[in-house]
Engineer: 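Here it is, the structure, as structure tokens.
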2 protein chains.
Amino acid sequence: MRPTEKPFTLTAQKVSCGRCCLRELCAPVEVTPEQEELLHALVRQQHLNIRRGEHLYHAGMPFHSLFAIHTGSFKTYMLADNGRERVEGFYLSGDMLGMDGISGDTYTLSAMALEDTGVCVLPFQRLEEITRELPLQRQFHRMMSREINRDKGIMMMLGQMTADERLAVFLLNLSQRYEARGFSATEFTLKMSRQDIANYLGLKAETVSRLLSRFQDDGLLTISGKSVRLADLNQLRGVLGFGDGIYFDQLP
Amino acid sequence: MRPTEKPFTLTAQKVSCGRCCLRELCAPVEVTPEQEELLHALVRQQHLNIRRGEHLYHAGMPFHSLFAIHTGSFKTYMLADNGRERVEGFYLSGDMLGMDGISGDTYTLSAMALEDTGVCVLPFQRLEEITRELPLQRQFHRMMSREINRDKGIMMMLGQMTADERLAVFLLNLSQRYEARGFSATEFTLKMSRQDIANYLGLKAETVSRLLSRFQDDGLLTISGKSVRLADLNQLRGVLGFGDGIYFDQLP
DNA sequence: GCGAAAAAATGACTTAGGTCAAGAGGCTCT
DNA sequence: AGAGCCTCTTGACCTAAGTCATTTTTTCGC
């Protein structure tokens, strides 16, 4: 999986840090070069590399920072008292992670890397200061609200959709997000296990397996292990019987 | 349904506006009298009375304000393209409404009054200014994050819980929220229809009806129309088979 | 306070998705 | 490279919750 678009020059790479790590935060905002430098300074401050299967943070850990995913992907999940796990979301490069921690002193979710990853650490206090100084406060609030609306979309799904609708929404959403990152919208790798997908969708792994096979039989997609090729996006949208998109308010 | 605690004096009533409308925002923060006056000015600016069944805002309407519920309660819901409705939440007095609108220029949900209500209008731009000036920015972020975590809780529920667990969580959550507002934790009125409860919980109205009857047969509660009396909170918690509380991170 | 209309309760029956079990690939670690 | 362990797939069967239909209760407009 690699970008289908222009490769980065060295200068572009530097810019890409603002555009990539923090793109969710400052996407459509105009900042002066000095302000941009301020942001870069924040981002550059601390990088982390988390290996596949390792945690970026655990539920209950003291909250100090948000994280911008530079490369790789994460799942977030919570563990109920009785041990039931619930996968809350999948986060790709450019997504912001850790907003669950803002409301308290600790994170409420755990974040596990689905592959080897690189993240930028954004000390929250400093970030609050910067968003206050730069014209980013509104942007920051938008970002949080987007997270709220994303969750509303998932609730819609979990509350009302059938199993095949859920899987279709999931695939279309991934497709859309990869596309927004310059990757192919129709061919990508599922970094997460069937079990994780199922859990996220409120289903069982067997059901996801069966549905993937059925979608393949119906010519909607080709799947082999973790690699999917969406053969017919429109037909896949057809599974929903109506427009999609509202379900996962993603980046503008 | 009336507060079980001390009645308000006139002065208390004035204070109560900060404590009631905005309690979610500034609950544990110490503000100077002048700052408090600033807040009150914001709150006093515009009041609305919305009658049962009327809307406070519709999905798609331009976003300008948040709303603090002074008295009464609302449901928020979204309508999918195909007409399916999804109830997203129930909001009681003191709750903040409208955060779904922050991420865009319009509200993404609709908010309908479940009874005759009074709300304070909080122009968002002005609110952002105030939270920046007063030491409330962090509080405001907390409030938004709480909304995020609340949704995570609902997702947990919709994704993994059985019908009776869902209903038990729902009732316990309401109980807790009424208690936090000074009402009885065990006797209250369901302002919303069975249909709304069912929709919110990802069930069908018939299932909710049957479960309420079964809970009554099992001695967990007494229900008559819209009035519930939770007879045995612990037994109700027992339906969950484990601790509750994490599912609906409410006010501190 | 009355009658129409909506909401709620209840019963009979159906079904989508879960459960359990067994086999097939496909990674990882030496 | 090969053993062992996951993860995935597939089949057979089961059950929780949904659907549909009917009755009862509540609500609301006049």
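Every heavy atom of this structure was used, including side-chain atoms; hydrogens, water molecules and symmetry mates were not. Throughout, protein chains are lettered first and strands after them, A, B, ... in sequence-line order, and every chain is numbered starting at 1. Quick caveat, the model's predicted, so the values are computed rather than measured.
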Engineer: Are side-chain heavy atoms of Lys152(A) and Leu109(B) found at a separation under 4.5 Å?
Structural biologist: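 Yes, at least one pair of side-chain atoms sits under 4.5 Å.
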Engineer: For Asp164(B) and dA16(D), give me the distance from atom CG to atom C1', rounded to whole Å.
Structural biologist: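 That distance rounds to 10 Å.
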Engineer: Please tell me if the side chains of Asp116(A) and Arg52(A) come closer than 4.5 Å, counting only heavy atoms from C-beta onward.
Structural biologist: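 With C-beta onward as the side chain, the pair touches.
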Engineer: List the atom pairs, with distances to 0.1 Å, where a side-chain N or O of residues 57-66 of chain B and a protein N or O form a donor-acceptor pair under 3.5 Å, not counting sequence neighbours.
Structural biologist:
residue, atom, partner, partner atom, Å
Tyr57(B), OH, Gly98(B), N, 3.3
Tyr57(B), OH, Asp100(B), OD1, 3.0

Engineer: Just distance, no hydrogens or angles: give the donor-acceptor pairs under 3.5 Å from side chains in residues 210-218 of chain B, sequence neighbours left out.
Structural biologist:
residue, atom, partner, partner atom, Å
Ser213(B), OG, Ser209(B), O, 3.1
Arg214(B), NH2, Asp164(B), OD2, 3.1
Gln216(B), OE1, Ile223(B), N, 2.9

Engineer: Side chain of Thr186(B), backbone of Leu230(B): donor and acceptor closer than 3.5 Å?
Structural biologist: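 Side chain of Thr186(B) to backbone of Leu230(B): no pair is present.
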Engineer: Under 4.0 Å between a side-chain N/O of Lys226(A) and OP1 or OP2 of dT7(D), yes or no?
Structural biologist: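 No.
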Engineer: In this structure, how many angstroms lie between the P atom of dG17(C) and the CD atom of Gln160(B), rounded?
Structural biologist: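 Answer to the nearest Å: 16 Å.
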Engineer: Does one side chain, of Glu179(B) or Ser184(B), offer a donor that lies under 3.5 Å from an acceptor on the other?
Structural biologist: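 Distance-only check fails for Glu179(B) and Ser184(B).
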Engineer: What residues in residues 202-213 of chain A put a non-hydrogen atom under 4.0 Å from any atom of DNA chain D?
Structural biologist: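 Nucleic-acid contacts, sorted: Glu206(A), Ser209(A), Arg210(A), Ser213(A).
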Engineer: Given atom NZ of Lys191(A) and atom P of dT7(D), what is their separation to the nearest angstrom?
Structural biologist: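 Computing the Lys191(A):NZ to dT7(D):P distance gives 17 Å.
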Engineer: Between Arg84(A) and Glu165(B), is there a side-chain N and carboxylate O pair less than 4.0 Å apart?
Structural biologist: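 Between Glu165(B) and Arg84(A) there is a salt bridge, with a charged N closer than 4.0 Å to a carboxylate O.
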Engineer: Using the test salt bridge (Lys or Arg N to Asp or Glu O under 4.0 Å), find all partners of Lys75(B) that sit at least two apart in sequence or belong to another chain.
Structural biologist: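 Glu85(B), Asp196(B).
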Engineer: Taking CD from Glu115(B) and P from dC28(D), how many angstroms apart are they, rounded to a whole number?
Structural biologist: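 That distance rounds to 13 Å.
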Engineer: What is the separation between atom CG on Leu190(A) and atom P on dT7(D), rounded to the nearest whole Å?
Structural biologist: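 The distance from CG of Leu190(A) to P of dT7(D) comes to 15 Å, rounded to the nearest Å.
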Engineer: Below 6.0 angstrom between ring centroids: does that apply to Phe188(B) and Phe183(B)?
Structural biologist: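 Not close enough - the centres of the two rings lie 6.0 Å or further apart.
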Engineer: Tell me which residues in residues 217-224 of chain A put a heavy atom below 4.0 Å from DNA chain D, sorted by number, or none.
Structural biologist: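 Listed by number, there are none.
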Engineer: Rounded to the Å, how far apart are Asp196(B) CG and dA7(C) P?
Structural biologist: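 To the nearest whole Å, that distance equals 9 Å.
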Engineer: Mind checking if Arg214(A) touches a base, just sugar-phosphate, or nothing, with heavy atoms under 4.0 Å?
Structural biologist: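 Answer is nothing: Arg214(A) stays at 4.0 Å or more from every strand.
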Engineer: So, do Met157(B) and Ile154(B) sit near enough that their side-chain heavy atoms are less than 4.5 Å apart?
Structural biologist: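 A side-chain contact under 4.5 Å exists here.
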Engineer: In this structure, how many angstroms lie between the C1' atom of dG18(D) and the CE atom of Met161(A), rounded?
Structural biologist: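 Interatomic distance, CE of Met161(A) to C1' of dG18(D): 18 Å.
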Engineer: What is the separation between atom CG on Leu167(B) and atom P on dG18(D), rounded to the nearest whole Å?
Structural biologist: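 Distance check: Leu167(B) CG to dG18(D) P gives 12 Å.
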Engineer: Which angle, to the nearest 10 degrees, lies between the helix axes at the two ends of the helix from dG1(C)-dC30(D) to dT30(C)-dA1(D), each defined by five pairs?
Structural biologist: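 The two end axes of the helix from dG1(C)-dC30(D) to dT30(C)-dA1(D) meet at 70°.
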Engineer: Could you tell me if the side chain of Leu190(A) sits less than 4.5 Å from the side chain of Leu174(A), heavy atoms only?
Structural biologist: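 Result yes, sub-4.5 Å side-chain heavy-atom pair found.
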